[in-house]
There are 2 protein chains.
Amino acid sequence: MAEMQAMPPEVEGGETTERVLQILSTSARLFATTGYDGTSMRDIALACGISKSLLYHHFADKDEIFARITLGSTRELVQFVESRLPEGAAPSLRIRAFMAATGEYFQRYRWAWIASTTAFWNDPQQRRQTERMLWRDRYEGLIRRLIEEAIAAGEIRPLDVPLAGRLVLSALNWMHRWHKPDQGMPAPEVAEAYFDMIFHGLKR
Amino acid sequence: MAEMQAMPPEVEGGETTERVLQILSTSARLFATTGYDGTSMRDIALACGISKSLLYHHFADKDEIFARITLGSTRELVQFVESRLPEGAAPSLRIRAFMAATGEYFQRYRWAWIASTTAFWNDPQQRRQTERMLWRDRYEGLIRRLIEEAIAAGEIRPLDVPLAGRLVLSALNWMHRWHKPDQGMPAPEVAEAYFDMIFHGLKR
DNA sequence: CCGGACCCTGACCGACCGGTCAACGAAGGG
DNA sequence: CCCTTCGTTGACCGGTCGGTCAGGGTCCGG
């Protein structure tokens, strides 16, 4: 049990006993650090201090564990970010809140985030990832809509909206490759610093 | 043989017969699409139309193939980008050239780039990646130095240089996750569009 | 004609993979 | 008391993994 990382609640879509949560959070950490293929069911069982068979008592197979992690964390991310957008505020401030909330979510559910962001991005058979992609599209659509609103409000100059959205998402999605928790700027601050750079530009 | 993707020349560090190049480029494509663990030596041999044993005639083990790809492409990237920086030009233009050159390199050596960028980023034992990291540091140091020069020249306002560098690199390194070759904007143009957004800012 | 040197092969190895199965022990309701 | 349910286990399965090995073919210099 020991030092397990938090998992997003994700009530629906399966039972959430303590043991299940332990398996999910432990697996998320392993998937994030050694990859999907690099993590065996034996590794997970050993890290949980249980037998391999017990994993199959709670989950149908390895894919289901992974799918629960990625789908759950992606859905929670979108809902968390949406809940953090200040209603009625200026579009640019809402973009800033979007980025800060993403940084905070990343900081809180680091392993699940990394596992979701890293693996299977180009799996042709797209195992159980279709529903996750729906949430991912909603997340990407959200930042584009915020940018469009900022353009309509005259805060942002007319530009390639999908590309601008990708620029924002690139900065956020690449954070896990260099950011160390408990070291340097907290992730939400990094996200806000990124916003300031992107919004105002590097130019003097 | 058939449809093999180009590999950077990388003369030094091993023989470069046609067969070796075929193995390297085929492996790069497989590593990029199915990951390191997801690519077996049998897969590589089959895709090359040769026996698995022949792989071990040309390479000591799987790691050596991977190391040749990642080290070679990283080294070539740095040297390519450095050769593309306009001497004596304004620092901001040199940053723009840095980004465009990276986009062009990505477009040209797509599989090797993706294989290098995707895998083993947090391998604790860091197999044969130490020399590659030296080149990676040089690449990252280069963009930071360019930004510092732009600040000294008064083109860019004083700011967190490492963070600004990471913003630039994030945009470039995330491209492979969404950019399709032969579809949409060519990668160098994307890189330049990114520069314009980051340099001038989204703000109207 | 000989003998290396160099490409190249199929058969094989132990280890580990994801997944299955029969059964055990404790808990709890009748 | 028994019976069912549920969390839990170790032994086991076929298949695939990275890697080895002995040797076949072919070409070339002597």
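This one's a predicted model, so the numbers in the text were calculated from it and none came from an experiment. Values reported hereafter were calculated over all heavy atoms of this structure, with side chains retained and with hydrogens, waters and symmetry mates removed.
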Ring geometry between A/Tyr36 and A/Phe31 (parallel below 30°, tilted from 30 to 60°, perpendicular above 60°): parallel

Determine whether a donor-acceptor pair (N or O, by modelled atom type, separation under 3.5 Å) exists between the side chain of A/Tyr105 and the backbone of A/Ser73. yes

Gap between atoms CG and P, on B/Asp43 and D/dC17 respectively (whole Å): 6 Å

Report all interatomic pairs (protein N or O, nucleotide N or O of nucleotides 11-16 of chain C) with separations under 3.5 Å.
none

Check the angle between the aromatic planes of A/His176 and A/Trp174 and answer parallel, tilted or perpendicular using the 30° and 60° thresholds. tilted

Partners of B/Lys52 by side chain to side chain contact (heavy atoms under 4.5 Å, CB included), sequence neighbours excluded? B/Met41, B/Arg42, B/Ala45, B/Tyr56

Over how many whole Å does the gap from B/Asp61 atom CG to D/dT20 atom P extend? 8 Å

Answer yes if the side chains of A/Thr74 and A/Arg136 hold a donor-acceptor pair under 3.5 Å, and no otherwise. no

Rounded to whole angstroms, how far apart are CD1 on A/Ile23 and C1' on D/dT8? 11 Å

Mind calculating the distance between CE (B/Met41) and C1' (C/dT9) to the nearest angstrom? 15 Å

Just to be sure I understand the rule, does A/Thr17 reach a base, reach only the sugar-phosphate, or reach nothing, if contact means heavy atoms closer than 4.0 Å? nothing

Using OP1 and OP2 only, check whether a side-chain N or O of B/Arg19 sits under 4.0 Å from C/dC6. no

Nearest-Å distance for atom pair NE2/P, residues A/His57 and C/dC24: 17 Å

Find the distance A/Leu54:CG to D/dA11:C1' and express it as a whole number of Å. 16 Å

Between B/Thr39 and A/His58, who's closer to the 5' end of DNA chain D by nearest nucleotide? A/His58

Between atom NZ in B/Lys62 and atom P in D/dG19, what is the gap in whole Å? 8 Å

What's the CD-C1' distance between A/Gln22 and D/dG7, to the nearest Å? 13 Å

B/Phe98 and B/Tyr139: aromatic ring centres closer than 6.0 Å? yes

With A/Leu54, which residues qualify under side chain to side chain contact (heavy atoms under 4.5 Å, CB included), at least two apart? A/Arg19, A/Ile50, A/Ser51, A/His57, A/His58

